[in-house]
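Heavy atoms only: backbone and side chains are in, while hydrogens, waters and symmetry mates are out. We name chains A, B, ... by the order of the sequence lines, and we start the count at 1 in each one. Keep in mind that this is a model prediction, so the values were computed, not measured.
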2 protein chains.
Amino acid sequence: MAAEPAGSSKDVLDADGIPVLPDPADAASRKRRAIIDAALAEFLAEGYSAASMEAITSRSGVSKATVYKHFGSKERLFLAVVGGVLPTTYAELEPVNSGLAGAPDLRTALVRLTTAWARILLRPDIMSLRRLVIGEIDRFPQLGRLWYRLGRDMNDGPLVAAFTELHARGVLDVPDPDLAVRQLVGATVGVPQLACTFSPEAAFDDAELERVMASGVDLFLARYATGA
Amino acid sequence: MAAEPAGSSKDVLDADGIPVLPDPADAASRKRRAIIDAALAEFLAEGYSAASMEAITSRSGVSKATVYKHFGSKERLFLAVVGGVLPTTYAELEPVNSGLAGAPDLRTALVRLTTAWARILLRPDIMSLRRLVIGEIDRFPQLGRLWYRLGRDMNDGPLVAAFTELHARGVLDVPDPDLAVRQLVGATVGVPQLACTFSPEAAFDDAELERVMASGVDLFLARYATGA
DNA sequence: GTCTATAGTAAGATAGAC
DNA sequence: GTCTATCTTACTATAGAC
């Protein structure tokens with residue numbers, strides 16, 4: 001259990017009484033990290049305007065001046081924090097997408113895929129972040145565009161590629177793969193997502209979720225699957 | 001051009017020099033209406049927390065004390081204004097729903113219906129209101145539940161009834177009408193709505209909109225229409 | 001880089017005259 | 001019911017010591 005000096009001005013001594021000087025760079029980035037975590041929690045709980053820099057400094061254990069040295073202003077802090085966490089969030093969805101074009105049973109693969117997406121996207125922390133971004137879009141349009149673009153690039157993108165290939169192989173008949181992907185998402189993940197957007201307390205157990213995803217995939221395949 | 005005394009303490013005289021005393025009830029409800037309009041504009045522009053009661057009083061032309069006499073607090077004002085406008089908003093969608101079960105061509109009727117929905121729901125003012133409600137759901141969960149319930153009751157509801165009837169008549173094969181409606185919405189209106197939610201500047205011209213709606217309806221019918 | 005202390009401002013809400 | 005004037009509080013941001 002190493003001593004972690006929290007910025008105290010007093011020297012910290014090791015077992016032999018020798019002062020342990022914290023690496024200033026590490027100390028700074030630890031504080032930076034603490035500020036980011038505290039700010040995210042505060043912004044998620046209060047929204048941008050009601051969040052107070054005072055509360056963020058209290059949560060993070062640093063002083064107000066330090067926060068301003070690092071981030072300059074409340075706006076810049078918000079953009080850094082929220083813009084920084086979005087790619088992390090979407091990165092979780094990427095591994096699910098691999099190898100769809102080569103799956104033995106397309107229906108099973110699509111149900112698995114959409115169910116995995118839904119389980120992640122419906123998580124309360126991600127739903128809260130989504131509501132925050134949507135609610136602040138007039139003030140921070142960059143974040144809205146970023147969120148939408150990430151979703152398109154990291155989720156829809158691979159699916160579009162897979163459908164295009166399956167179309168070429170004659171397995172699917174998809175004249176507009178881009179639109180088809182958006183329809184699939186709307187008819188599967190979009191259904192419980194809409195409910196959770198407006199009713200945070202709404203819960204979908206795994207069985208219900210898989211039933212809805214399977215029904216949406218069947219809807220999709222009824223139109224786009226060829227006989228082959 | 002009738003004189004409309006805006007609460008001035010000086011008497012207003014008619015053409016014969018006779019004081020025109022404004023009906024106090026009417027004057028009060030005119031002010032109430034002015035406050036509501038000003039508050040809605042301010043809340044839409046700034047969000048709940050950043051909206052200032054000072055700005056609302058300026059916009060409405062009444063004093064701060066009057067606003068508090070009428071609505072008691074900022075929270076109550078917000079609930080009254082937003083909760084009051086939601087039914088009005090959804091009422092616009094109701095007439096579109098009538099007479100679907102008896103339509104001669106179901107596909108045409110559904111394309112017309114979803115396109116009409118989309119044109120209303122994508123309007124910037126309604127999209128802004130939607131973002132406001134979503135962004136403030138942690139603070140005002142009532143509004144989220146109200147929005148979702150209105151959408152379900154006034155839009156999905158009639159469609160569920162129509163699909164149930166068409167199922168009984170053998171025109172459709174819809175084992176779960178409620179889910180089917182949500183899928184149809186997700187695959188039609190939901191597609192451009194998602195884009196507009198995150199990119200307010202995104203615009204869909206009528207031709208593009210109808211193409212997307214028609215494609216979504218075809219998707220729906222490929223699964224749920226019987227041969228009959 | 002980090003802190004304490006504070007400047008300067010604007011917010012929500014109310015008192016009291018009319 | 002309505003207004004003007006004001007109370008109290010909390011906010012963002014900064015100055016200056018270390």
Side-chain angles (χ1 to χ4, degrees), chain A residues 4-12 19 21-36 38-39 42-43 45-81 136 139-140, chain B residues 4-12 19 21-36 38-39 42-43 45-81 136 139-140:
Chain A
E4 297 272 327
S8 160
S9 58
K10 295 194 64 165
D11 284 347
V12 174
L21 300 179
D23 181 342
D26 273 19
S29 39
R30 251 198 307 278
K31 301 218 166 185
R32 200 184 166 84
R33 168 57 40 197
I35 294 168
I36 290 177
E42 173 76 3
F43 284 132
E46 302 292 335
Y48 172 75
S49 299
S52 94
M53 297 295 271
E54 189 112 5
I56 291 172
T57 61
S58 300
R59 281 180 194 251
S60 61
V62 305
S63 79
K64 215 182 286 197
T66 301
V67 176
Y68 277 92
K69 285 284 179 192
H70 276 270
F71 295 96
S73 72
K74 190 182 180 181
E75 287 203 4
R76 290 175 55 84
L77 175 61
F78 185 79
L79 283 171
V81 168
E136 301 296 345
R139 215 181 307 269
F140 302 100
Chain B
E4 296 271 326
S8 159
S9 58
K10 295 193 64 164
D11 283 348
V12 175
L21 300 178
D23 181 340
D26 272 18
S29 39
R30 250 199 306 280
K31 301 220 166 186
R32 200 185 165 83
R33 169 55 44 196
I35 294 168
I36 289 176
E42 172 77 3
F43 284 132
E46 303 292 336
Y48 172 75
S49 299
S52 94
M53 298 296 274
E54 190 111 6
I56 291 172
T57 62
S58 300
R59 280 179 194 253
S60 61
V62 305
S63 77
K64 211 183 287 196
T66 301
V67 176
Y68 277 92
K69 287 283 181 195
H70 275 271
F71 295 95
S73 72
K74 189 181 181 184
E75 286 203 5
R76 289 174 57 84
L77 175 61
F78 185 79
L79 283 171
V81 168
E136 301 296 345
R139 216 180 306 268
F140 302 102

task: Please report the closest heavy-atom contact between B:E42 and B:S52, naming both atoms and the distance.
output: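 So the two residues come closest at OE2-N, 3.1 Å.
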Counting side-chain heavy atoms from CB outward, which of [options] is closest to [X]?
X     : options                : value
A:K64 : C:dT2, D:dT12, C:dG12  : D:dT12
B:S52 : D:dT14, C:dG12, C:dA13 : C:dG12
B:K31 : D:dA13, D:dT2, C:dC3   : D:dT2
B:S73 : D:dA13, C:dC3, C:dA13  : C:dA13
A:V62 : D:dC11, C:dC3, C:dA13  : C:dC3

query: Checking all strands, does A:A51 fall into the base, sugar-phosphate, or nothing category for heavy-atom contacts under 4.0 angstrom?
result: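 The answer is sugar-phosphate, as A:A51 gets under 4.0 Å only of primed atoms, P, OP1 or OP2.
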- prompt: How would you label the contact of B:K69 with the nucleic acid (heavy atoms, under 4.0 Å): base, sugar-phosphate, or nothing?
  reply: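 Here B:K69 touches the bases of the nucleic acid.
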[X] [atom1] - [N] [atom2] separation (whole Å):
X     : N      : atom1 : atom2 : answer
B:Y68 : D:dT4  : OH    : P     : 16 Å
B:M53 : C:dT14 : CE    : P     : 10 Å
A:K74 : D:dA10 : NZ    : C1'   : 11 Å
A:F78 : D:dC11 : CZ    : C1'   : 18 Å
B:F71 : D:dT2  : CZ    : C1'   : 15 Å
A:I56 : D:dA10 : CD1   : C1'   : 15 Å
B:H70 : C:dT14 : NE2   : C1'   : 16 Å
A:E75 : D:dA13 : CD    : P     : 8 Å

- prompt: Starting at the 5' end of DNA chain D and moving along, which residue's nearest nucleotide shows up first, A:A50 or A:A65?
  reply: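 Its nucleotide being nearer the 5' end, the pick is A:A50.
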field: Given DNA chain D, 5'-ward residue of the pair B:T66 and A:A55, judged by closest heavy atom
entry: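 Final value for this comparison: B:T66.
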- prompt: For the residue pair B:F140 and B:Y48, is the inter-centroid distance of their aromatic rings smaller than 6.0 Å?
  reply: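 Yes, the ring of B:F140 comes within the 6.0 Å limit of the ring of B:Y48, centre to centre.
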message: So does B:A51 get a backbone contact from the side chain of B:K74, meaning a donor-acceptor N/O pair under 3.5 Å?
response: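 Checking the backbone N and O of B:A51 against the side chain of B:K74, a donor-acceptor pair under 3.5 Å is found.
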task: Look only at the side chain of B:E136 and the backbone of B:G47, and say whether a donor-acceptor pair between them is shorter than 3.5 Å.
output: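 Here the side-chain-to-backbone pair does not exist.
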message: Side chains of A:T66 and A:T57, heavy atoms from C-beta outward: is any pair under 4.5 Å?
response: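 They are not in contact (no side-chain heavy atoms under 4.5 Å apart), so the answer is no.
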